[in-house]
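Working notes, structure below.
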Amino acid sequence: MDFELNQDQLAFQQSARDFAAGEMAPHAAKWDEQAHFPVDVIARAGELGFCGLYTPEQAGGLGLSRLDATIVFEELARACPSTAAYFTIHNMVSWMIASWGTAAIKAHWCAELASGRRIGSYCLTEPGSGSDAASLKTSARLVDGHYVLNGAKAFISGAGATDVLVVMARTGGEGARGVSAIVVPGDAPGVNYGKKESKMGWNSQPTRTINFDNVKVPADHLLGSEGEGFIFAMKGLDGGRINIATCSVGAAQAALDAAHGYMKERRQFGRPIADFQALQFKLADMQTELVAARQMVRLAAAKLDAASPDATTYCAMAKRLATDLGFKVCNEALQLHGGYGYIREYPLERYFRDVRVHQILEGTNEIMRVIVSRQLLGSDNLDHIR
């Protein structure tokens, strides 16, 4: 077990840190305040490969491991958790099309997505199916060589501004085996977008409902085979849980850095508040929990890279732990800033707002506990998750 980053990983980390410091951090507060989606910055990130981190090289991506990708996403999240989270969603779309698309679909979309010249949205959640994703109702009927889609999706990141949608739709009977994955151009006739949601956080990326009204796409827009969509969705969510967990780690690191600096500068009762042992202990706990969260995420990523049979369980544990602890660290950092942490001149309240949703999306943390407990209770031998 080697916990040190190798030379390539250090180079990826530095590249991401430099990009985040130059292109994201100076503008993140304005993007949040104005609810601005920085597609130009996303495109520039694509020039560095950040839009196709684990998309295979033959499809235009960098072909990195999931572990390598966490290192990049963490650095981006230190500057702007909201925009970094969209990068993770776009990377999932790029990877899914590259992994299971037909030759024609790959040729049309992969290079464009991996380069950031075009961007994508992932469409699984519906108004009536959140945690129970296998109950989704959006339908896709094969008629004369085309799939005809009808239904609605909810809480879709990037919707209305993205070029392509990976849509989970029902092509068969009830349950998970009736779900397929279909690539739909974002501007296809019959694709209608709802109003941009006004959100607590994640304001640098739009969130909308999408309605599909007899949307027709050629049959070769199917990913894989009919009935495999739910499998693809779950594979995507394993990686998505690592991705959003590492965004929580990045935000928490930024919050801890801010608290560390503030404690040395802020004086009360004639002394820097860093001299007070109660606050020293709080900072020590924040650091300890942050390191634990980061290592749990990297362990889960390594499990996913190795195609370990318990990777899903580790991804769920990492997502639960890192998003809960990330939120806790951001909250504690805000508290250490006192009243200043509550005003927008300081970034703490933005980190706090942005990371709160991480405990909900990619499967709520309650569902993460369900996944882990089912694994524990379904096996008499726990050595494989020790």
Side-chain angles (χ1 to χ4, degrees), residues 3-29 31-32 38 41-55 61-92 94 114 116 201-202 204-205 239-261 286-287 290-302 305 318-319 322-323 325-327 329-330 333 347-348 350-351 354-355 358:
F3 292 97
E4 298 301 321
L5 301 184
N6 62 39
Q7 290 303 309
D8 287 342
Q9 290 167 336
L10 289 170
F12 299 144
Q13 183 183 59
Q14 190 61 54
S15 178
R17 184 173 296 171
D18 291 344
F19 181 85
E23 298 280 357
M24 295 173 66
H27 313 293
W31 295 342
D32 173 69
V41 173
I42 293 168
R44 289 198 289 277
E47 295 173 3
L48 298 176
F50 296 163
C51 290
L53 288 170
Y54 47 88
T55 296
L62 293 184
L64 300 184
S65 69
R66 296 306 180 96
L67 177 57
D68 294 339
T70 67
I71 294 163
V72 173
F73 290 141
E74 179 180 337
E75 293 303 320
L76 300 181
R78 289 176 69 178
C80 181
S82 170
T83 306
Y86 175 74
F87 275 111
T88 73
I89 295 165
H90 173 84
N91 268 268
M92 181 163 62
S94 177
W202 270 30
S204 71
Q205 50 168 298
R241 286 163 184 162
I242 293 171
N243 291 345
I244 210 63
T246 204
C247 285
S248 286
V249 170
Q253 184 66 66
L256 179 62
D257 291 345
H260 174 265
M286 292 161 67
Q287 172 70 9
L290 177 57
V291 170
R294 177 181 292 116
Q295 296 305 329
M296 184 74 216
V297 171
R298 291 182 180 178
L299 172 59
D305 286 330
K319 193 270 182 180
T323 59
L325 291 183
F327 179 74
V329 169
C330 289
L348 278 306
R350 175 166 54 85
Y351 299 148
D354 280 345
V355 300
H358 297 181

**Report entry** Interatomic distance, Arg44 atom CZ to Cys51 atom SG [nearest 0.5 angstrom]
**Finding:** 12.0 Å

Requested in this report: Decide yes or no for Phe19 and Val41: does some side-chain heavy atom of the first lie under 4.5 Å from some side-chain heavy atom of the second?
Outcome: yes

**Report entry** Pair Tyr54-Met92, side chain to side chain contact (heavy atoms under 4.5 Å, CB included): steps then yes or no
**Finding:** CA-CA 9 Å; Tyr54 47 88; Met92 181 163 62; 4.1 Å; yes

Report task. State the CZ-CD distance between Arg17 and Glu74, to the nearest 0.5 angstrom. Result -> 8.5 Å

Query raised in the report: For Tyr86 and Gln205, which heavy atoms make the closest approach, and how far apart are they?
Result: N-NE2, 3.5 Å

Query raised in the report: Any donor-acceptor pair under 3.5 Å linking the side chain of Asn91 with the backbone of Phe87?
Result: yes

Query raised in the report: Are Leu53 and Phe73 side-chain neighbours, meaning at least one heavy-atom pair lies under 4.5 Å?
Result: yes

Query raised in the report: Taking atom OG1 of Thr83 and atom CD of Glu23, what is their separation to the nearest 0.5 Å?
Result: 12.0 Å

Query raised in the report: Hey, does Pro38 have a side-chain heavy atom less than 4.5 Å from the side chain of His27?
Result: no

Query - Closest non-hydrogen atom pair between Ala318 and Ala245, with its separation - result: O-CB, 3.9 Å

Query raised in the report: Which heavy atom in Asp305 sits nearest to a heavy atom in Ser65, and how many Å separate them?
Result: OD2-CB, 3.3 Å

Report task. Apply side-chain hydrogen bond (donor to acceptor under 3.5 Å, both in side chains) to Ser82 and Ser204, showing your working. Result -> CA-CA 6 Å; Ser82 170; Ser204 71; 2.7 Å; yes

Report task. Walk me through it: do Leu325 and Met296 pass the test side chain to side chain contact (heavy atoms under 4.5 Å, CB included)? Result -> CA-CA 11 Å; Leu325 291 183; Met296 184 74 216; over 6 Å; no

Query raised in the report: Considering all heavy atoms of both residues, which atom of Ile242 and which atom of Thr70 are nearest to each other, and what is their separation?
Result: CG2-CG2, 3.4 Å

Query raised in the report: Is any side-chain heavy atom of His358 less than 4.5 Å from a side-chain heavy atom of Phe327?
Result: no

Query raised in the report: Should Phe50 and Ser15 count as side-chain neighbours, where that means a heavy-atom distance under 4.5 Å?
Result: yes

Report task. Just do the side chain to side chain contact (heavy atoms under 4.5 Å, CB included) check on Leu5 and Arg298 with the steps written out, would you? Result -> CA-CA 11 Å; Leu5 301 184; Arg298 291 182 180 178; 3.6 Å; yes

Query raised in the report: Can you tell me how far the CD1 atom of Ile71 sits from the CG atom of Leu76, to the nearest 0.5 Å?
Result: 12.0 Å

Query - Least distance between heavy atoms, Ala259 atom then Ala333 atom - result: CB-CB, 4.0 Å

Query raised in the report: Just wondering, do Asp68 and Asp8 contact through their side chains at under 4.5 Å, heavy atoms?
Result: no

Query - 4.5 Å side-chain heavy-atom contact, Gln287 and His260 - result: no

Query raised in the report: Say you draw a straight line from SG of Cys80 to OH of Tyr351; how long is it, rounded to the nearest 0.5 Å?
Result: 9.0 Å

Query raised in the report: What is the minimum heavy-atom distance between Ala16 and Glu75, and which atoms define it?
Result: CB-CB, 3.7 Å

Query raised in the report: With side chains defined as the heavy atoms from C-beta onward, is the minimum distance between Thr323 and Val355 less than 4.5 Å?
Result: no

Query raised in the report: When rounded to the nearest 0.5 angstrom, what distance separates CZ in Arg350 from CH2 in Trp31?
Result: 9.5 Å

